[in-house]
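Below is one structure, written out as structure tokens, with a few remarks after it.
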Amino acid sequence: MTTRQDELVFVPLGGVGEIGMNAGLYGIGPEKQRKWIMVDCGMGFAGEEGLPGIDLMFPDLTFIEERKKDLLAIFITHAHEDHIGAISELWPRIKAPVYATRFAKNLLETRRLSEPGAPKVDLREIKPGRRVTVGPFEIEFVPVAHSIPESNAVAIRTEHGLVLHTGDWKLDDTPVAGDSTSPEAFTALGDEGILALICDSTNVLREGRSPSESEVSATLHKLIENAPHRVAVTTFASNVARIRVVAEAAQACGRQVIAVGRAMDRVIDVARECGYLDGLPDFLSAESYSHIPRDKVVCLLTGSQGEPRAAMSRVSRHDHPAISLTAGDRVIFSSRAIPGNERDVGSIINDLIEDGIEVITDRTELVHVSGHPRREEMVTMYSWTRPKAVVPVHGEALHLDEHARFARSQGVESVVKARNGAVVRLAPGKPEVVEHVRAGRLYKDGNVLIDSKDRAIPERRKLSQTGIVSVAIAIDERGEVIGDPAVDIMGLPNRGRTGEPLLDTVVDTVNRTLNGLPRGKMKDSEAVENAVDRAVRSAVNEAWGKKPACHVQVVEV
């Protein structure tokens with residue numbers, strides 16, 4: 001009979017049922033005494049309209065915070081923000097050593113841990129192919145192709161068997177920068193016997209095979225070579241291969257490269273330090289832009305996702321202090337809009353087109369490829385690894401459901417459909433979800449972290465829809481109103497449905513309500529506040545059709 005006394009479990013706290021905020025736990029041992037490791041600790045971007053004032057989201061790590069003495073280490077598969085971006089914010093809560101490759105380690109130090117007040121994270125470099133033992137786990141990083149250098153799958157060897165956590169991957173024999181996904185390495189893991197494959201689901205809905213970075217390189221060379229005037233390329237700042245390709249194309253055409261944007265500058269510095277831009281001249285700063293002939297420049301700009309403060313957005317609004325584009329110039333979006341960012345990206349493209357600037361996207365040219373596997377690539381990975389069980393991760397519900405169906409079609413014995421917070425027992429016995437633990441989201445609100453139950457979000461959402469009415473009333477000890485009530489409205493239209501000023505409606509309602517209250521109630525501040533609140537909301541609803549938030553304060557004089 002299977003017991004809960006000595007198990008190998010997988011517990012996703014982020015990235016399963018969503019794209020972003022990846023954080024997966026592996027635990028070994030008796031239920032109350034397990035030793036844990038975490039794979040990745042990423043963040044998400046709050047593109048949802050229902051989160052006013054929120055830019056960043058993080059996985060809720062409360063479950064492992066309560067067990068942090070048993071958390072042995074954190075292993076980072078690669079340096080994308082959805083896998084590494086929560087380290088600086090959440091590490092002080094768990095304080096386990098963080099293992100990452102040189103590029104990821106250096107980029108984390110440059111991008112996040114150099115900021116004022118950043119924690120002194122215990123960062124340790126790990127080299128692909130080397131094995132590291134932490135407690136009951138033996139960890140090996142296995143290089144894979146992806147859209148950032150030094151991406152790795154994580155082979156986790158335990159007394160129960162081998163688990164392969166793929167991280168983000170694709171098949172690309174000519175990746176330009178970084179490694180390819182080795183058939184020999186993954187076939188060897190399959191020969192060793194894989195108990196469970198924890199696998200990327202991002203592109204499982206797409207048939208065929210993802211094009212190679214080298215194919216994008218050929219397209220960009222052509223587009224830069226035949227451009228009559230300036231060329232501006234915007235891409236993910238972390239895509240070192242794309243940066244290298246643009247620089248090589250510019251060099252071949254006798255153009256100089258100007259890199260614009262802090263995120264781009266940081267990645268370029270780390271990429272040069274790690275050797276990924278060897279053989280290329282230094283890029284110029286934005287201040288050099290005005291001194292270079294119009295047909296001799298290529299700009300690399302941040303802002304491919306429509307970020308309002310990034311370089312591409314500022315250029316499109318004529319708001320950048322050094323970079324401007326004019327009719328006849330060419331802009332290449334060497335990227336694809338992440339779901340939720342389409343409107344912002346589209347706004348930039350429309351502004352550029354209105355200015356007579358040629359805009360090229362992946363809709364018309366092969367200027368971007370995904371870093372995730374399509375179905376043909378997944379068939380190959382499954383044939384190499386031959387796992388006994390599969391847990392689809394890194395995807396929304398649609399992706400996970402289709403991946404589960406796909407895995408069964410490949411003859412996998414056990415397919416476990418999990419979500420954040422599921423405790424998946426991988427061994428002993430048949431892999432299955434055995435319980436659920438706390439999981440959720442934390443929101444970065446200004447300089448503080450709040451959870452999804454915090455009152456700020458629903459209140460702010462309500463304010464964004466219905467506005468607020470503020471009323472301040474001074475009343476003396478006899479229950480007499482002193483002076484006129486102070487009334488203000490915010491977020492309400494100027495006039496109601498019959499044309500009357502809404503401010504006048506509110507003022508009249510407040511005065512009428514106060515005049516109608518008996519002297520006894522006028523001495524009760526709470527009774528006055530409640531009466532005015534109800535009357536104002538009702539009157540505004542009658543005039544406007546919506547009930548605003550109402551804040552009434554009675555000051556006793």
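Quick caveat: nothing in here was measured; it's all calculated off a predicted structure.
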Without placing hydrogens or testing angles, list every side-chain donor-acceptor pair under 3.5 Å for residues 344-351, not counting sequence neighbours.
residue : atom : partner : partner atom : Å
N350    : ND2  : G346    : O            : 3.2

Donor-acceptor contacts, no H, no angles, side chain residues 503-516, under 3.5 Å, sequence neighbours left out:
residue : atom : partner : partner atom : Å
T505    : OG1  : P501    : O            : 3.3
T509    : OG1  : T505    : O            : 2.7
N511    : ND2  : V507    : O            : 3.3
T513    : OG1  : T509    : O            : 2.7
N515    : ND2  : N511    : O            : 3.1

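Between T166 and D200, the side chains place no donor N or O within less than 3.5 Å of an acceptor N or O (distance only, hydrogens not considered). Looking only at atom types and distance, the side chain of H403 has a donor-acceptor partner in the side chain of S201 under 3.5 Å away. Residues D168 and H83 bring a donor and an acceptor atom of their side chains to less than 3.5 Å of each other. Between the side chains of H394 and H372, no donor-acceptor pair of N or O atoms lies under 3.5 Å. A side-chain donor from one of S313 and R317 sits under 3.5 Å from a side-chain acceptor of the other. For R242 and H368, the side-chain atoms include at least one donor-acceptor pair closer than 3.5 Å.
Using a 4.0 Å cut-off between a side-chain N of Lys or Arg and a carboxylate O of Asp or Glu, R460 and D445 qualify as a salt bridge. A salt bridge links R519 with E480: at least one charged nitrogen is closer than 4.0 Å to a carboxylate oxygen. Salt bridge annotation for K68-E65: absent, with no cationic side-chain nitrogen under 4.0 angstrom from a carboxylate oxygen. Look at D401 and K417 and you find a salt bridge, because one of the NZ, NE, NH1 or NH2 atoms lies within 4.0 Å of a carboxylate O, short of that distance. The existence of a salt bridge linking R438 and E66 is excluded, since no basic side-chain nitrogen approaches an acidic carboxylate oxygen closer than 4.0 Å. Look at R478 and D476 and you find a salt bridge, because one of the NZ, NE, NH1 or NH2 atoms lies within 4.0 Å of a carboxylate O, short of that distance. One finds no salt bridge joining K523 and E556 here, because no Lys/Arg side-chain nitrogen approaches an Asp/Glu carboxylate oxygen to under 4.0 Å.
Screening residues 20-41 for ring pair (Phe, Tyr, Trp, His ring centres under 6.0 Å) gives F10-Y26, Y26-H165, W36-F63 as the qualifying pairs, with residues at least two apart or on separate chains.
In E477, the CD atom is not crowded: 12 or fewer heavy atoms of neighbouring residues, nucleotides or ligands sit closer than 6.0 Å. Counting non-hydrogen atoms of other residues, nucleotides and ligands closer than 6.0 Å to CZ of R405 gives a total above 12. The environment of R262 atom CZ is sparse: at most 12 non-hydrogen atoms of other residues, nucleotides or ligands sit within 6.0 angstrom.
Considering all non-hydrogen atoms of both residues, P485 and I473 come closest at CB-CG1, 4.1 Å. Across all non-hydrogen atoms, the minimal contact from A422 to V433 is CB-CG1, 4.0 Å. When all heavy atoms of R34 and D70 are compared, the pair lying nearest together is O-CB, 3.1 Å. The shortest heavy-atom contact between N22 and G15 is OD1-CA, 3.6 Å. Nearest heavy-atom pair, M264 versus A259, reported as atom, atom and distance to 0.1 Å: CG-CB, 4.2 Å. Listed here is the closest heavy atom pair of R461 and S464: O-OG, 2.6 Å.
The side-chain heavy atoms of L502 and P493, taken from C-beta on, include a pair separated by under 4.5 Å. Using a 4.5 Å cut-off on side-chain heavy atoms (C-beta onward), V331 and L325 make contact. Under the 4.5 Å side-chain criterion, counting only non-hydrogen atoms from C-beta, S147 is in contact with H80. Taking 4.5 Å as the limit, every side-chain heavy atom of C550 sits out of range of all side-chain heavy atoms of V532. Side chains of V540 and K546 form no contact here, defined as non-hydrogen atoms less than 4.5 Å apart. In this structure the side chain of F75 reaches within 4.5 angstrom of the side chain of V134, judged on heavy atoms. I74 has its side chain within reach of I94: a pair of non-hydrogen atoms, C-beta onward, lies under 4.5 Å apart. Residues L449 and K444 form a side-chain contact, since some pair of their non-hydrogen atoms from C-beta on lies under 4.5 Å apart.
Without hydrogens or angle criteria, S538 side chain to R534 main chain gives no donor-acceptor distance under 3.5 Å. The backbone N or O of R314 lies less than 3.5 Å from no partner atom in the side chain of H320, so there is not a single donor-acceptor pair. No side-chain donor-acceptor contact under 3.5 Å links T234 to the backbone of F333. Between the side chain of Q305 and the backbone N or O of N341 there is no donor-acceptor pair closer than 3.5 Å. For R441 (side chain) and D60 (main-chain N/O), no donor-acceptor pair under 3.5 Å exists by modelled atom type.
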ask   = Are I84 and R111 close enough, and set up right, to give a side chain to side chain contact (heavy atoms under 4.5 Å, CB included), and what steps lead you there?
value = CA-CA 11 Å; I84 201 172; R111 180 180 288 176; 5.9 Å; no

Verdict with supporting geometry, Y443 and D454, side chain to side chain contact (heavy atoms under 4.5 Å, CB included) = CA-CA 10 Å; Y443 301 120; D454 195 287; over 6 Å; no

query = Is there a side chain to side chain contact (heavy atoms under 4.5 Å, CB included) between D122 and W91 once you walk through the steps?
reply = CA-CA 9 Å; D122 181 1; W91 185 86; 4.2 Å; yes

Salt bridge (charged side-chain N to carboxylate O under 4.0 Å, His left out) between K462 and E459, intermediate numbers included = CA-CA 5 Å; K462 180 175 175 57; E459 288 181 355; over 6 Å; no

message = Pair E89, M43 - check side chain to side chain contact (heavy atoms under 4.5 Å, CB included), show working.
response = CA-CA 10 Å; E89 197 71 46; M43 70 182 189; over 6 Å; no

